[in-house]
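Below: the structure, in structure tokens.
Labels below follow one simple rule: chain letters A, B, ... track the order of the sequence lines, proteins then strands, and each chain is numbered from 1.
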Amino acid sequence: MNKKIDKEIKDDNVHPKFLKPYDPLATEDKIYKMWEDSGYFNPDKLPERHQKGEPFSIVLPPPNVTGTLHMGHAAMLAIEDIMIRYKRMKGYKTLWLPGTDHAAIATQSKVEKELEKKEKKHRKDLGREEFLKRVDAFAKESHDTIVNQIRKMGASIDWSREAFTLDEKRTFAVNTAFKKMYDMGLIYRGHRIVNWDPKGQTTISDDEIEYKEEKAKFYYFKYGPFTIGTARPETKFGDKYVVMHPSDKRYAEYKHGQKIDLEWINGPITATVIKDESIDMEFGTGVMTITPWHSTVDFEIAERHGLDKEQIIDFHGRLLPIAGEFAGLKIGDARSKVVEKLRVKGLIAKEEDYIHNIAIADRSSGMIEPQIMNQWFVAVNKQFKLEHSNISGINSGQETTLKEIMKKGVEGGAIKIIPERFEKTYFHWIENLHDWCISRQIWYGHRVPVWYKIKDKKSKIKDREEIFVGDERPEGEGWTQDEDTLDTWFSSGLWTFSTLGWPEETDDLKVFHPTSVLETGYDILFFWIARMILMTGCLLGEVPFRTVYLHGLVRDGKGRKMSKSLDNIIDPLDMIAKYGGDATRLSLIIGTGPGNDMKLSPDKVKGYKNFSNKIWNIARFVIASTDGIEIIKGFNDYTEIDAGYCAERDNMLIDITYDIENFRYYLAGEKLYHYIWHKFADVILESSKKIFEEGNSEEIMSRKQILLVSLNKILRALHPFMPYVTEEIWQELYKGKSLLMVEEWPV
RNA sequence: GCGCGCUUAGCUCAGUUGGUAGAGCAACGCUUUUACACAGCGAAGGUCGGGGGUUCGAAUCCCUCAGCGCGCACCA
């Protein structure tokens with residue numbers, strides 16, 4: 001009998017392509033093209049039942065145009081495609097909108113490195129215009145690679161709406177947002193302490209810093225009657241304030257504002273005593289001197305007491321003339337020399353080993369040097385009137401702050417974060433949030449939409465400049481645009497609505513915003529998610545999305561972040577070529593819950609390739625042993641004989657539907673896998689062989705029915721997870737009908 | 001310092017509201033005119049990190065300790 005089946009398949013030529021084993025390579029590209037040509041990725045082209053359905057929208061977290069996609073991106077695509085395909089089958093009007101991110105600093109530094117390596121040139125050798133041409137060319141190339149990779153993953157994404165953070169429409173949205181927020185008083189320019197990256201020659205935000213532990217010496221210097229502790233002797237030249245806690249009894253005899261003459265690095269100075277409660281009495285000697293120009297904490301103390309601030313280190317990390325004989329030295333070289341001089345002068349009390357964190361720019365790996373600079377900021381604590389609000393807890397026309405908007409969006413339940421524990425992390429981050437520095441001294445990105453005109457060269461600095469903020473250069477002579485560009489996250493913050501046409505009031509915006517789900521890695525919760533909530537709340541008075549689903553990071557065998565490891569990288573394209581897109585997808589879904597990291601090995605992907613083949617052979621068996629496909633029309637497989645199997649199957653389908661509704665894709669995937677292989681194939685198919693040999697006609701008929709109906713339902717349920725193989729079988733089974741286009745969710 | 005997570009078979013991890021421990025991979029034995037060897041059948045492998053508590057019953061809830069990892073803050 002079995003031998004006969006196999007023979008039939010081959011000999012009859014009924015299913016000429018339906019041979020063993022399943023070959024993903026020969027199948028997937030062809031199927032993707034068919035899907036794409038069908039137009040069904042575009043919500044406007046979906047059939048009637050979807051047009052009446054509820055909208056369901058996801059914007060793709062735009063990959064950086066810095067190169068290629070890694071396994072983390074592949075996981076993101078797999079999860080989002082499952083969401084979209086499931087909702088589409090359920091009859092929703094589904095939109096999944098793709099795009100890419102110009103990723104200002106990341107992309108620019110990549111091109112700079114290449115320029116340095118290949119042509120031994122700095123970007124300044126090319127000039128702004130020529131350099132930007134190079135970056136654009138690189139970005140274009142990356143873009144094309146990325147788009148190809150997204151297709152390979154089987155993403156049912158609407159290419160007709162593709163966006164780029166730096167394209168014309170998005171640039172207009174950025175400029176409009178900037179102007180609105182400037183007019184609302186939420187964007188301001190001012191001299192504030194910022195994170196300066198001397199290597200990248202730009203400011204960066206707090207979130208772009210990484211901290212690394214470093215062993216260092218901690219020195220105690222004699223500073224007049226005090227002993228002060230410091231890890232940075234080379235910044236101490238200008239220190240003329242000595243700070244202690246007001247209730248520190250050890251220093252009760254010294255009064256706030258008291259002047260003390262003392263001998264310091266380059267000779268005698270007059271120090272002023274400052275009492276400030278921020279001082280930790282337990283740390284060191286409980287006394288310190290401050291360097292307000294190069295330390296955030298010191299800057300804040302200086303602000304509180306109206307103290308002088310002086311720059312010690314220049315923007316290339318070298319000491320300024322205030323350092324006297326040390327002027328011009330790099331800070332790294334200066335330290336030991338300054339210590340040596342203090343030693344000679346007998347001003348060192350003691351030194352000890354200590355471990356501290358040094359701040360590193362995560363893109364350039366330059367050591368951050370705080371500097372006071374004139375930059376553009378977003379004010380997060382400033383009160384302003386939110387004209388229109390859909391955010392629970394904030395009424396239209398109410399006074400609020402951006403911080404409050406970020407808080408209320410999640411607190412009030414308008415946004416649900418999965419897994420929930422990240423809500424705590426999110427609130428904690430908001431508590432510590434400072435004004436956001438948005439200007440960058442790099443070339444690639446959105447140029448700050450501000451023009452300056454010098455009114456009167458002789459007048460005081462304050463009103464010397466006339467400022468114009470807007471999308472285009474103002475009328476008249478003498479205007480020059482700000483040289484700086486905007487933080488890349490400023491444009492990403494608009495992503496859910498800039499992609500839908502904002503600031504125009506488009507239909508897309510009305511139908512699809514707020515978006516349904518934002519699915520991304522937990523590592524950009526602050527960078528991106530928080531900023532989207534901020535920008536959307538401020539500009540639209542609503543939340544950008546209803547649910548945030550955070551996936552874990554994909555790590556290599558050694559537990560390193562796949563996006564950062566240099567060797568041992570698993571390339572999604574390699575996996576797809578070897579094991580197929582379906583297998584690659586499933587390996588990134590099963591075995592990992594939201595927010596948990598996963599270690600991925602090629603063996604796991606291989607395992608799911610075997611599963612694709614299993615499904616393929618299940619289908620071959622069912623087709624060959626049921627005399628064709630007509631039998632399926634209009635019958636119910638709940639016969640008395642096999643009702644138990646049917647109920648079990650349908651309960652499983654209800655179960656996984658519940659899992660999917662609750663974002664437990666890993667469970668749904670595993671349950672399907674388990675049912676298909678170990679129940680449907682191992683038990684039902686195996687027992688069918690016997691029934692077909694020995695059973696009576698009623699038993700045989702019942703069994704044929706259950707096989708066909710089960711296969712039909714299983715393929716539909718599995719389709720969001722493994723779209724290619726299920727589609728290929730479906731088309732064989734139902735002669736050219738498409739699973740993507742016509743089929744509904746099975747329960 | 002504040003917060004979060006993890007610890008279950010050799011490896012990677014599931015285990016949704018507490019009811020006698022599961023999967024994949026690897027390894028072992030048998031099976032090759034079988035829908036599928038990218039397979040089937042079978043066997044093996046775990047005091048669920050330690051300790052304590054709640055409960056008729058705990059991998060699951062509570063407390064505590066330890067190891068590992070992560071985030072934030074910050075160390076003058």
Side-chain angles (χ1 to χ4, degrees), chain A residues 1-3 5-9 18 20-23 206-207 211 216 218-219 228-232 235-236 239 242-244 276 278-280 282-291 295-298 301 354-357 359 419 421-433 522-523 525-526 552-553 555 557 559 561 579-580 583 586-587 590-593 595-625 655 658-659 662-664 666-671 673-674 677-678 681-682 685-686 688-689:
Chain A
M1 173 74 191
N2 292 321
K3 189 173 139 198
I5 292 165
D6 202 35
K7 202 161 179 284
E8 265 177 10
I9 291 174
F18 216 28
K20 63 173 182 179
Y22 173 60
D23 181 4
D206 294 346
D207 301 292
Y211 291 93
F218 192 77
Y219 301 95
I228 58 152
T230 184
R232 297 200 64 185
T235 66
K236 295 284 153 199
D239 288 14
V242 57
V243 193
M244 62 214 72
D276 192 278
S278 69
I279 298 297
D280 178 359
E282 306 294 315
F283 190 86
T285 54
V287 191
M288 69 172 190
T289 61
I290 56 169
T291 315
S295 156
T296 311
V297 178
D298 295 1
I301 293 171
Y354 121 120
I355 292 169
H356 71 149
N357 289 325
R421 62 184 148 91
F422 282 100
E423 290 187 4
K424 214 168 179 178
T425 318
Y426 174 81
F427 291 129
H428 186 244
W429 179 80
I430 293 174
E431 299 290 319
N432 293 310
L433 189 63
Y522 66 77
D523 55 333
L525 180 61
F526 309 137
L553 308 180
R555 296 177 185 277
K561 216 166 149 178
Y579 306 118
L586 212 55
S587 72
I590 294 182
T592 177
N596 293 334
D597 294 354
M598 72 180 309
K599 286 183 196 166
L600 185 76
S601 65
D603 271 348
K604 186 175 179 189
V605 190
K606 191 180 161 194
Y608 293 113
K609 187 200 165 157
N610 296 353
F611 181 54
S612 321
N613 192 50
K614 188 75 182 176
I615 298 158
W616 185 254
N617 283 296
I618 285 170
R620 293 175 71 228
F621 177 84
V622 172
I623 288 170
S625 56
D655 198 27
Y658 184 72
D659 285 334
N662 288 286
F663 302 94
R664 295 192 292 255
Y666 59 111
L667 280 182
E670 195 172 339
K671 284 173 186 171
Y673 178 97
H674 199 255
W677 201 314
H678 300 298
D682 288 354
L685 254 55
E686 286 306 323
S688 301
K689 291 176 188 170

**Request:** Can you figure out which of U34(B), A73(B), C38(B) approaches the side chain of N432(A) most closely?
**Result:** A73(B)
**Item:** Parallel, tilted or perpendicular: ring planes of F526(A) versus W429(A), cut at 30 and 60 degrees
**Value:** parallel
**Message:** Once you apply a heavy-atom cut-off of 4.0 Å, does F526(A) come out as touching a base, just sugar-phosphate, or nothing?
**Reply:** sugar-phosphate
**Prompt:** Across the strands shown, which category fits N662(A) at heavy-atom distances under 4.0 angstrom: base, sugar-phosphate, nothing?
**Reply:** nothing
**Candidates G71(B), C74(B), A14(B) - which lies nearest the side chain of V297(A)** = C74(B)
**Message:** Among C36(B), C38(B), C74(B), which nucleotide has an atom closest to any side-chain atom of E686(A)?
**Reply:** C36(B)
**Prompt:** Hey, does S601(A) reach any base, or is it just sugar-phosphate, or nothing, if we go heavy atoms under 4.0 Å?
**Reply:** nothing
**Item:** Among C36(B), G24(B), C2(B), the nucleotide that comes nearest once only the side chain of H678(A) is considered
**Value:** G24(B)
**Message:** With a 6.0 Å cut-off on the ring centroids, do Y522(A) and F422(A) count as close?
**Reply:** yes
**Message:** Rounded to whole Å, please give me the gap between CZ in F621(A) and C1' in A39(B).
**Reply:** 14 Å
**Counter-base of U33(B), judged by Watson-Crick or G-U geometry with both distances under 3.5 Å** = none
**K671(A) (side chain) donor-acceptor with D659(A) (main chain) under 3.5 angstrom** = no
**Request:** State whether a side-chain donor-acceptor pair under 3.5 Å links S278(A) with D276(A).
**Result:** yes
**Message:** Categorize I228(A) for me: base, sugar-phosphate, or nothing, with a 4.0 angstrom heavy-atom threshold over every strand shown.
**Reply:** nothing
**Prompt:** Nearest of G40(B), C38(B), C2(B) to any side-chain atom of H428(A)?
**Reply:** C2(B)
**Asked** Once you round it to whole Å, what is the distance between C1' of A14(B) and CG of L586(A)?
**Response** 14 Å
**Prompt:** Partner of C11(B) by Watson-Crick or G-U wobble geometry, both contacts under 3.5 Å, or none?
**Reply:** G24(B)
**Request:** Would you classify K671(A) as touching base, sugar-phosphate or nothing, given that sugar-phosphate means primed atoms plus P, OP1 and OP2, and contacts are heavy atoms under 4.0 Å?
**Result:** base
**Request:** Could you tell me whether Y666(A) contacts a base, only the sugar-phosphate backbone, or nothing, with contacts defined as non-hydrogen atoms closer than 4.0 Å?
**Result:** sugar-phosphate
**Request:** If G69(B) has a Watson-Crick or G-U wobble mate with both distances under 3.5 Å, name it; if not, just say none.
**Result:** C4(B)
**Message:** Can you identify which nucleotide, out of U34(B), G3(B), C38(B), has its nearest atom closest to the K424(A) side chain?
**Reply:** G3(B)
**Message:** Nearest heavy atom decides the nucleotide; on that basis, is H674(A) or D280(A) closer to the 5' end of RNA chain B?
**Reply:** H674(A)
**Fill in**
Any strand, both distances under 3.5 Å, Watson-Crick or G-U wobble: G57(B) pairs with none
**Asked** Closest to the K614(A) side chain: A14(B), G24(B), A39(B)?
**Response** A39(B)
**Item:** Value in whole Å for how far the P atom of G15(B) lies from OH of Y673(A)
**Value:** 17 Å
**Request:** Give one of base, sugar-phosphate or nothing for T291(A), where a contact means two heavy atoms less than 4.0 Å apart.
**Result:** nothing
**Prompt:** Taking a pair as Watson-Crick or G-U wobble with both distances under 3.5 Å, which nucleotide is matched to A43(B)?
**Reply:** none
**Whole-Å distance separating the CG atom of L600(A) from the C1' atom of C25(B)** = 12 Å
**Request:** Evaluate the ring planes of F611(A) and W677(A), with Trp represented by its six-membered ring, and classify them as parallel (under 30°), tilted (30 to 60°) or perpendicular (over 60°).
**Result:** parallel
**Prompt:** Any side-chain N or O of W677(A) less than 4.0 Å from the OP1 or OP2 oxygen of G40(B)?
**Reply:** yes
**Fill in**
Which of C74(B), A14(B), C36(B) is nearest the side chain of Y211(A)? It is C74(B)
**Message:** Is it the case that C25(B) (base atoms only) and K604(A) (side chain only) share a donor and an acceptor within less than 3.5 Å, ignoring hydrogens and angles?
**Reply:** no
**Asked** Any side-chain N or O of N596(A) less than 4.0 Å from the OP1 or OP2 oxygen of G69(B)?
**Response** no
**Message:** From CG of N613(A) over to C1' of A39(B), roughly how many Å is that when rounded to an integer?
**Reply:** 9 Å
**Contact nearer the 5' end of RNA chain B, comparing A681(A) with T425(A)** = A681(A)
**Message:** Between D298(A) and I290(A) (side chain of the first, backbone of the second, donor and acceptor by atom type, cut-off under 3.5 Å), is there such a pair?
**Reply:** no
**Request:** Determine yes or no for a side-chain-to-main-chain donor-acceptor pair under 3.5 angstrom, with K609(A) supplying the side chain and A583(A) the backbone.
**Result:** no
**Residue pair N613(A) / P21(A): nearest heavy atoms and the distance that separates them** = OD1-CB, 3.3 Å
**Asked** Which value, in whole Å, describes the distance between the P atoms of nucleotides C38(B) and A59(B)?
**Response** 40 Å
**Message:** By nearest atom, which of the nucleotides C38(B), C36(B), C72(B) is closest to the N610(A) side chain?
**Reply:** C38(B)
**Asked** At under 4.0 Å between heavy atoms, what does L685(A) touch on the DNA or RNA strands: base, sugar-phosphate, or nothing?
**Response** base
**Asked** How would you label the contact of R421(A) with the nucleic acid (heavy atoms, under 4.0 Å): base, sugar-phosphate, or nothing?
**Response** sugar-phosphate
**Request:** Could you work out the separation of U55(B) and C62(B) based on their C1' atoms and round it to a whole Å?
**Result:** 12 Å
**Request:** Find the distance K606(A):NZ to U12(B):P and express it as a whole number of Å.
**Result:** 19 Å
**Prompt:** Rounded to whole angstrom units, what separation is found between the CG atom of L525(A) and the P atom of C72(B)?
**Reply:** 10 Å
**Item:** G45(B) to G22(B) separation - C1' atoms, rounded to the nearest Å
**Value:** 13 Å
**Request:** Would you mind telling me which of G40(B), U16(B), A73(B) lies closest to the side-chain atoms of D659(A)?
**Result:** U16(B)
**Asked** If only side-chain N and O atoms of Y608(A) are considered, is one of them under 4.0 Å from the OP1 or OP2 phosphate oxygen of C38(B)?
**Response** no
**Asked** Given atom OH of Y579(A) and atom C1' of G24(B), what is their separation to the nearest angstrom?
**Response** 14 Å
